[in-house]
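Values reported hereafter were calculated over all heavy atoms of this structure, with side chains retained and with hydrogens, waters and symmetry mates removed.
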Amino acid sequence: MSKNNKTAITPTREENYAEWYQQVIKAADMAENSEVRGCMVIKPWGYAIWENIQHILDRMFRETGHRNAYFPIFIPKSFFEKEAEHVEGFAKECAIVTHSKLEADEKGGLKLAGELTEPYIVRPTSETIIGASFAKWVNSYRDLPLLINQWANIVRWEMRTRLFLRTTEFLWQEGHTVHETEIEAREETLKMLNVYATFARDYLALPVIQGEKTESEKFPGAVTTYCIEAMMQDRKALQSGTSHFLGKNFAKASEIKFQNRNGEMEYAWTTSWGVSTRLIGALIMAHSDDNGLVLPPKIAPSHIAIIPIYKNDEEKQIVMDFAIKVQNIFKGLYLDDIQIFTEMDTRDMTSSERNWYWIKKGIPLRLEIGPRDIVNDSVMLARRDKEPKDKHSIKIDNVVDYVLKTLSEMQEGYYQRALNFRDKWTVDIDDKEEFYRFFNSKNEEQEISGGFANSHWCGNQTCEEKIKDDLKVTIRCIPFEAKEEEGKCIYCGEKSNRRVIFAKAY
RNA sequence: CGGGGUGUAGCGCAGCCCGGUUAGCGCACCUGCUUUGGGAGCAGGGAGUCGGAGGUUCAAAUCCUCUCACCCCGACCA
């Protein structure tokens with residue numbers, strides 16, 4: 001077999017999806033496991049994606065009236081104990097700080113000293129510590145709504161981790177808001193969920209299903225949890241963002257009270273919502289292929305790799321002069337609200353090796369410039385969504401229009417492709433045996449995840465648990481778009497008036 | 001915490017069963033020359049307390065005991 005026929009990533013998605021995922025990250029040089037168990041080092045190419053996510057979302061948060069602030073990473077244990085369900089949900093995965101200093105021990109090492117009177121929890125989420133501040137900030141209905149966001153790192157001591165999808169420490173954004181009325185708080189919860197869905201669609205090219213979590217899947221301490229769920233290429237579901245209506249639960253725990261319009265003291269209504277570096281995992285698994293990372297242009301750290309080709313110093317001079325001129329054409333260029341960035345790759349490697357390097361990194365466009373192009377006053381342009389050797393000569397005069405048109409076409413194409421894939425593997429299932437077959441199929445190498453089953457559920461938690469025990473399949477959400485419909489619960493056959501999304505999940 | 005597995009150069013591995021030259025291979029790295037429009041070639045080079053401790057032996061990467069770390073599967077989870 002010639003080298004040209006093989007994929008850049010081994011194994012392929014088909015052969016071993018989990019391993020493929022790891023290899024894509026490695027080949028694109030996005031992140032690596034650190035010396036600290038369960039924690040990752042996010043490398044520049046991966047971190048730049050996070051920064052883009054931050055910039056875009058931050059603007060959307062500001063546009064919806066939110067302001068950023070920062071609260072401590074340490075949460076006194078006593079704060080944490082105030083909300084019973086909350087404690088229950090997070091107790092098993094907390095890192096706890098118990099000491100304040102180190103002292104030399106007899107063996108020349110160090111021992112813990114300065115034991116704290118009250119241990120601190122390293123935040124797994126910040127409702128309680130932010131609540132303590134909010135209690136002081138809110139006195140009157142005139143102080144409301146209070147709309148705050150925090151960009152932070154958090155720690156959840158997971159037993160098993162995977163880069164970007166589940167790490168012990170991860171980066172996220174958590175919005176926390178306080179409202180005068182239940183209606184307003186519920187509106188806020190849905191508004192921010194919609195911001196996430198819009199962001200996922202328009203920038204990540206990721207189609208998501210918006211819906212409500214069942215009792216067993218909701219955030220500990222929330223009244224209602226809403227989510228966006230996306231389908232990965234192995235047909236598993238990935239929860240990509242959540243938004244919680246917290247009722248008065250956390251207000252009561254943190255004493256967030258205000259004097260209402262009737263002059264009475266009242267507990268406030270709160271919400272919280274977040275997305276994390278997990279979105280990068282979603283991006284990878286939704287779009288990438290057997291040649292590595294694929295990035296929608298609107299989230300890519302850089303958009304065009306310029307690859308000059310020359311044989312000797314004389315040619316190099318001519319080619320580089322021309323290449324730099326071409327690079328300058330793209331300076332300050334925007335694709336809608338996204339600035340276009342270029343990479344000049346002058347490394348002493350063959351052009352094909354440089355091409356493959358950028359293919360694996362998922363850069364949307366590659367632009368080769370050699371002596372032959374200069375003669376024609378053109379460049380060779382290759383797209384990440386086409387075959388590696390599929391290239392077209394573009395006249396310099398047209399290159400800006402062509403690039404912008406192509407990028408925007410690619411952005412839309414990735415969304416459509418992901419949407420078609422999801423639709424293809426989303427099925428209405430009304431027969432229990434068929435449901436079990438859908439989720440049980442396997443090939444020799446790995447389990448096949450079925451897809452999204454749109455099936456009736458009676459609302460009984462027991463049925464949900466049985467299905468989870470049997471198939472490792474859970475209810476991902478009760479979709480907003482699900483219409484009222486008479487039917488029978490896929491598990492017990494009892495009456496149901498709605499379909500929910502069942503799937504295996506990350 | 002249960003069940004399985006692996007520790008040998010930066011990464012991936014062979015050698016171990018059956019003890020015996022100077023511990024080897026691929027990739028990566030460094031130097032030089034030739035190359036460069038589909039993953040370059042040749043020559044030379046640097047890099048290792050064989051996870052750790054103890055034991056058996058004339059002799060241990062190899063055999064024995066203990067220990068540590070990590071990975072995979074399960075319970076938990078964004």
Review point. What class does the angle between the rings of Tyr120(A) and Phe74(A) fall in, given that below 30° is parallel, 30 to 60° is tilted and above 60° is perpendicular?
Key: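 Tyr120(A) and Phe74(A): parallel rings.
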Review point. Mind checking whether Trp50(A) and Trp151(A) have parallel, tilted or perpendicular rings, split at 30° and 60°?
Key: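 Trp50(A) vs Trp151(A) ring planes: perpendicular.
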[atom1] atoms of [N] and [M], separation to the nearest Å:
N	M	atom1	value
G45(B)	G26(B)	P	14 Å
A23(B)	G12(B)	P	23 Å
U57(B)	A14(B)	P	32 Å
G46(B)	G4(B)	P	45 Å
G44(B)	G52(B)	P	33 Å
A59(B)	G19(B)	P	15 Å
A47(B)	U56(B)	C1'	33 Å
G54(B)	C50(B)	P	13 Å

Within the structure shown, what part of the strands sits under 4.0 Å from [X] by heavy-atom distance: base, sugar-phosphate, or nothing?
X	value
Lys316(A)	nothing
Asn312(A)	nothing
Tyr310(A)	base
Thr161(A)	nothing
Tyr506(A)	nothing
Gln239(A)	sugar-phosphate
Ile307(A)	nothing

**Study point:** Pairwise side-chain contact, Phe502(A) with Leu471(A), heavy-atom cut-off 4.5 Å (strictly under)
**Key:**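 Heavy-atom side-chain distance check fails, nothing below 4.5 Å.
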Review point. Think Lys236(A) forms a cation-pi with Tyr506(A), using NZ or CZ under 6.0 Å from the six-ring centre and within 45 degrees of its axis?
Key: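 Checked: cation-pi criterion met.
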Check your understanding: Do Lys92(A) and Trp157(A) meet the cation-pi criteria used here (NZ or CZ under 6.0 Å from the six-membered ring centre, within 45° of the axis)?
Key ->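 So Lys92(A) doesn't make the cation-pi contact.
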Check your understanding: Quick one: is G74(B) close enough that its OP1 or OP2 comes under 4.0 Å of any side-chain N or O from Lys472(A)?
Key ->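 Indeed, a polar side-chain atom of Lys472(A) lies that close.
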Review point. Under 4.0 Å: is that the gap between some side-chain N or O of Thr350(A) and OP1 or OP2 of U36(B)?
Key: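 So the side chain of Thr350(A) is outside the cut-off, no N or O lying under 4.0 Å from OP1 or OP2 of U36(B).
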Exercise for review: In sequence, state the C-alpha distance, the side-chain angles, and the governing distance for Leu206(A) and Leu283(A), and then conclude on side chain to side chain contact (heavy atoms under 4.5 Å, CB included).
Suggested key: CA-CA 7 Å; Leu206(A) 189 68; Leu283(A) 200 58; over 6 Å; no
Review point. Would you say Glu83(A)'s side chain and Glu85(A)'s backbone share a donor-acceptor pair under 3.5 angstrom?
Key: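 Here the side-chain-to-backbone pair exists.
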Review point. Taking a pair as Watson-Crick (N1 to N3 plus N6-O4 or O6-N4) or G-U wobble (N1-O2 and O6-N3), both under 3.5 Å, which stems of 3 or more consecutive pairs involve RNA chain B?
Key: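 B:1-7 with B:68-74, B:10-13 with B:24-27, B:29-34 with B:40-45, B:51-55 with B:63-67 - these are the stems of 3 or more pairs that involve RNA chain B.
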Output the rounded distance in Å from [atom1] ([X]) to [atom2] ([N]).
X	N	atom1	atom2	answer
Glu19(A)	G12(B)	CD	C1'	12 Å
Trp356(A)	U36(B)	CH2	P	21 Å
Lys311(A)	U35(B)	NZ	C1'	10 Å
Glu315(A)	U35(B)	CD	C1'	12 Å
Gln23(A)	G12(B)	CD	P	10 Å

Check your understanding: Can you name the nearest heavy-atom pair linking Phe439(A) to Gly450(A), along with the distance?
Key ->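 Looking at all heavy atoms of both residues, the shortest contact is CD2-CA, 4.5 Å.
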